[in-house]
Number of protein chains: 2
Amino acid sequence: MLININPTNGLAVYDQIARQIKFAVANRVLRPGDLVPSVRELAKNLAINPNTVARAYRELQAEQIIQTVRGTGLEITVAAPEICRNARQELIRLRLREVLEEAGRSQLSRTQVKQLFDKELSQYDETGNAS
Amino acid sequence: MLININPTNGLAVYDQIARQIKFAVANRVLRPGDLVPSVRELAKNLAINPNTVARAYRELQAEQIIQTVRGTGLEITVAAPEICRNARQELIRLRLREVLEEAGRSQLSRTQVKQLFDKELSQYDETGNAS
DNA sequence: TGTGCTGTACTATCTACATATTACAGTGGT
DNA sequence: ACCACTGTAATATGTAGATAGTACAGCACA
């Protein structure tokens, strides 16, 4: 199945759905013109309420990743791949900035933060690409 | 005043209190043996409920930053300065690790993440120490 | 043209969390 | 011993967010 829900994740169900769609788009599992599963079909498969799926799709529409084709369903937009690939990078950038701001409030020096980062980076085993 | 509350912060009031106490300890504004303001006094000054202050203090006790002196108040522990200084560094480390994990899930390469970090770091103006 | 699919909007419920209310228990100082 | 202060526990209230229930509106296809 395309989507996999973990109810004890802390993440909202609709958020998990939206993330996984974006992930699939970024990795070309879903391509422009493909239809995402219908609200009711996906809801049935995941044993959740259709409106929860609808909410995920609403967010994806707001980000112009899917668009409605009335009477037919929701399809991946042409712009979606670029949006999703940019978005995940921007997300990481934003998170990094937040951490740096917090470090600043804690009066950690730039070099201290850099040392922490390098150490964590070297410890972290990537699952995907080579470095 | 020692504590300053911003109600439109997104952060819970009790959390703001706890953070600012820790901050004061880390920067030697509060030293071991000092008494923190009493629950009712601080609550009155901040125009909030005493129990909200109590909750902040409860967390600080759980982290062994303050300890109760019955009938007298709550005092900064001997271990507090080290705990607070370590804690803020650990907090940053944890946040960095989370970002790296998210980057891994997004299949961003190690070098990509490092580039993002270096760029953000160079843009970020520290408020406190020199680098 | 009608039936079955599509998405969507409105409202209600459920849950988690922060905060407030109240009452209780112990200690220091007069 | 008593009073005024300390912290603390239990409970209630308020609020925001996620999810569910129901009803509605448009299009495809036979």
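Convention: sequence-line order gives letters A, B, ...; per-chain numbering from 1.
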Engineer: When you check the gap from the basic side-chain N to the acidic O, do A/R19 and B/E102 get nearer than 4.0 Å?
Structural biologist: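 Judged by the 4.0 Å cut-off on N to carboxylate O distance, A/R19 and B/E102 do form a salt bridge.
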
Engineer: Is the phosphate of D/dT6, meaning OP1 or OP2, less than 4.0 Å from a side-chain N or O of B/T72?
Structural biologist: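 So the side chain of B/T72 is outside the cut-off, no N or O lying under 4.0 Å from OP1 or OP2 of D/dT6.
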
Engineer: Tell me whether the count of non-hydrogen atoms from other residues, nucleotides or ligands lying under 6.0 Å of CD in B/E82 goes above 12.
Structural biologist: no

Engineer: Which of these nucleotides, C/dT21, D/dA18, C/dG7, is closest to any side-chain atom of B/N51?
Structural biologist: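 Ranking C/dT21, D/dA18, C/dG7 by closest atom to the B/N51 side chain puts C/dT21 first.
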
Engineer: From C-beta outward on A/I48, which listed nucleotide comes closest to its side chain: D/dT8, D/dA20, C/dA18?
Structural biologist: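 So the nucleotide nearest the side chain must be D/dA20.
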
Engineer: Of the nucleotides C/dA18, D/dA18, D/dT8, which one has an atom closest to the side chain of A/R55?
Structural biologist: D/dA18

Engineer: Looking at B/Q61, does any N or O in its side chain come under 4.0 Å of the phosphate oxygens OP1/OP2 on D/dT8?
Structural biologist: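 Affirmative; the distance criterion is met.
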
Engineer: Would you mind classifying the nucleic acid contact of B/Y14 as base, sugar-phosphate or nothing, using non-hydrogen atoms under 4.0 angstrom?
Structural biologist: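 B/Y14: backbone/sugar contact only, no base atoms under 4.0 Å.
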
Engineer: For the residue pair B/V113 and A/F117, establish whether any side-chain heavy-atom pair is separated by less than 4.5 Å.
Structural biologist: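 Yes, at least one pair of side-chain atoms sits under 4.5 Å.
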
Engineer: Atom CD of A/Q67 and atom P of C/dT8: how far apart are they, to the nearest Å?
Structural biologist: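 A/Q67 atom CD is separated from C/dT8 atom P by 12 Å.
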
Engineer: Quick one: label B/V69 by what it contacts on the DNA or RNA (base, sugar-phosphate, nothing), any heavy atom closer than 4.0 Å.
Structural biologist: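 Nothing, no heavy atom under 4.0 Å.
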
Engineer: Taking atom C1' of C/dG7 as reference, at what distance in whole Å does atom CG of A/L35 sit?
Structural biologist: 13 Å

Engineer: A/R40 side chain: which of C/dT6, C/dT19, D/dA18 is closest?
Structural biologist: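 The closest nucleotide is C/dT6.
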
Engineer: How close or far is atom C1' of D/dT11 from atom CG of B/N49, stated in whole angstroms?
Structural biologist: 13 Å

Engineer: Could you tell me how far apart B/E75 (CD) and D/dT6 (P) are, to the nearest whole angstrom?
Structural biologist: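 Rounding to the nearest Å, CD of B/E75 and P of D/dT6 are 16 Å apart.
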
Engineer: Could you give the CG-to-P distance, from A/D15 to D/dA18, as a whole number of Å?
Structural biologist: 8 Å

Engineer: Does C/dT6 have its OP1 or OP2 closer than 4.0 Å to a side-chain nitrogen or oxygen of A/T68?
Structural biologist: no

Engineer: Give the rounded distance in Å between these two atoms: CG of B/L74 and C1' of D/dT6.
Structural biologist: 9 Å

Engineer: If I take atom CD in residue B/E59 and atom C1' in nucleotide C/dA18, what distance separates them, rounded to the nearest angstrom?
Structural biologist: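 Distance check: B/E59 CD to C/dA18 C1' gives 12 Å.
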
Engineer: Are A/L60 and A/V36 close enough that some pair of their side-chain heavy atoms sits under 4.5 Å apart?
Structural biologist: no

Engineer: When you measure from the side chain of B/S38, which nucleotide among C/dT19, C/dT6, D/dG7 comes out closest?
Structural biologist: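 The listed nucleotide nearest to B/S38's side chain is D/dG7.
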
Engineer: In this structure, how many angstroms lie between the P atom of D/dG17 and the CG atom of A/L11, rounded?
Structural biologist: 16 Å

Engineer: Do NZ/NE/NH1/NH2 and the carboxylate oxygens of B/R93 and B/E90 come within less than 4.0 Å?
Structural biologist: yes

